[in-house]
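Bear in mind the structure is a predicted one, so any value in this text is a computation, not a measurement. Just follow the structure's listing: the first ligand is 1, and inside any ligand the first atom is 1.
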Amino acid sequence: MSGEESQGGRLLDGKALAARIEASLAAEVETFVEVCHRRPRLVVVLVGDVAASASYVKSKQAAAARVGIDSEVLQVEASVQTVDLVTLIKRVAAEEHGPADGILVQLPLPKHVDERAVLDAVPPDRDVDGFHPENAGLLSQGRPRFVPCTAAGVQRMLIDAGIATAGKHAVIVGRSDIVGKPLALLLASRGSGGDATVTLAHSRSTDLGEITRSADILVAAVGRPGLITADMVKPGAAVVDVGINRITDPVSGKSRLVGDVDFDAVRPHASWISPVPGGVGPLTVAMLLANTLVAAELRLGHRRGS
Ligand code: NAD
């Protein structure tokens, strides 16, 4: 038995997969540039000065640069009103700030801002986060256009690892519009990475452990460190940890990122497990780049098969 096997579940290495996706996207971007004589371009609206949001945006920009996608961040004061944000997004869409194939608004927004109104202002054909109701509707009808990036990343991770989903019981803990709900639709949809029987658990679910113990594939997308303990996992299950939580390590006293899964305790029981960091996070960014390229291709009519 190798060292890795003796620890239990094999690692779902999101960082390595994202690097492979980036390499193929970079080649596709160059083809786009040859045909269209410009680069795809992503515009990010960043409101306020939340450190985590700024760091996510920075990593999105760095990844965009690696694959040859141009990007611009429009920084807005935290005191901005909903109406002004909506106006800004309309101006971005009218390309007053340069080409805007993909437009995204970094969440969360300040409490006083009507998040729904702001997200709805992003034109659905530039909505690379997949949060517009038109894109949510297309996904629910099984004809996805822009799929929310984290959900798409989790499905891609399962497909890449060869983890069978057809006929399997997938339990997703967390029902948000940006992760849990779209992932439930993806895993239940027909075809590769789908055809699963899906349970969507949430804060009002009773006896969460009983539900999660019946999962062949368990996805945690809650935002609570240590929520998924070893006794909640069926032996041999594939465990995907979407959660990102900053904690202070009780031993070292240093701040670090952890997921929702008690990684060290769960790993011996799992067949596969994704780490935090280095799991779903890098794939979320890779899927954003893929969506941005698709948006650019769709707009210019150069999408293969369109
Ligand atoms: P959210 O707060 O919108 O939703 C959390 C969900 O968890 C809710 O549906 C709620 O019902 C459920 N929940 C809360 N407490 C629960 C409990 N005790 N038992 C069962 N369910 C419970 O969060 P979100 O935006 O979906 O994000 C979830 C987590 O995923 C966060 O940690 C976030 O930082 C992380 N996240 C990671 C990525 C990534 O790229 N890896 C992307 C998005 C979000």
Enclosure of Asp49 CG (heavy-atom neighbours >12, cutoff 6.0 Å): no

CD of Glu210: more than 12 outside heavy atoms within 6.0 angstrom? no

Got Thr292 and Lys60 here, is their nearest side-chain heavy-atom distance under 4.5 Å? no

Between Val222 and ligand 1, which part of the residue brings a heavy atom under 4.0 Å of the ligand: side chain, backbone, both or neither? both

Classify the contact between Arg204 and ligand 1 as side chain, backbone, both or neither, using a heavy-atom distance cut-off of under 4.0 Å. neither

Shortest protein heavy-atom distance from [atom], along with the residue and atom involved:
{"atom": "atom 31 (C) of ligand 1", "result": "Gly223 CA, 3.7 Å"}
{"atom": "atom 42 (C) of ligand 1", "result": "Thr150 OG1, 3.1 Å"}
{"atom": "atom 44 (C) of ligand 1", "result": "Val179 CG2, 4.0 Å"}
{"atom": "atom 9 (O) of ligand 1", "result": "Arg175 N, 2.8 Å"}
{"atom": "atom 17 (C) of ligand 1", "result": "Ser203 CA, 4.1 Å"}
{"atom": "atom 33 (C) of ligand 1", "result": "Ile244 N, 4.2 Å"}
{"atom": "atom 36 (N) of ligand 1", "result": "Val242 O, 3.7 Å"}
{"atom": "atom 19 (N) of ligand 1", "result": "Leu208 CD2, 3.9 Å"}

Taking it one step at a time, do Leu74 and Glu72 satisfy side chain to side chain contact (heavy atoms under 4.5 Å, CB included)? CA-CA 7 Å; Leu74 300 176; Glu72 183 181 2; 3.5 Å; yes

With Asp101, the salt bridge (Lys or Arg N to Asp or Glu O under 4.0 Å) member among Arg41, Arg126, Arg299: Arg299

Could you tell me whether atom 27 (O) of ligand 1 has a protein heavy atom closer than 4.0 Å? no

Walk me through it: do Arg175 and Arg204 pass the test side chain to side chain contact (heavy atoms under 4.5 Å, CB included)? CA-CA 11 Å; Arg175 60 177 161 186; Arg204 303 297 297 272; 3.9 Å; yes

Identify, by atom number and element, the atoms of ligand 1 in contact range of [X], meaning under 4.0 Å from any of its heavy atoms.
{"X": "Ile178", "result": "25 (O)"}
{"X": "Gly174", "result": "6 (C), 7 (O), 9 (O), 12 (C)"}
{"X": "Thr284", "result": "39 (C), 40 (O)"}
{"X": "Val173", "result": "20 (C), 21 (N)"}

Looking at ligand 1, does any of its N/O atoms fall within less than 3.5 Å of an N/O of Ser176? yes

Could you check Ile21, Leu17, Leu283 and say which one makes a side chain to side chain contact (heavy atoms under 4.5 Å, CB included) with Asp160? Leu17

Only residue of Asp129, Leu185, Leu186, Asn291 satisfying side chain to side chain contact (heavy atoms under 4.5 Å, CB included) with Val147 is Leu186

Test item, Gly281 contacting ligand 1 (heavy atom, 4.0 angstrom): yes

Going by heavy atoms, is Gly180 under 4.0 Å from ligand 1? no

Leu119 vs Val105, test: side chain to side chain contact (heavy atoms under 4.5 Å, CB included). Steps then yes/no. CA-CA 7 Å; Leu119 294 179; Val105 181; 4.2 Å; yes

Under the criterion side chain to side chain contact (heavy atoms under 4.5 Å, CB included), I'd like the reasoning laid out for Leu11 against Arg267: C-alpha separation, chi angles, the key distance, then a yes or no. CA-CA 9 Å; Leu11 269 194; Arg267 188 172 184 183; 3.8 Å; yes

So Asp120 and Arg116, salt bridge (charged side-chain N to carboxylate O under 4.0 Å, His left out) or not? Walk me through it. CA-CA 6 Å; Asp120 285 0; Arg116 198 62 269 175; 3.2 Å; yes

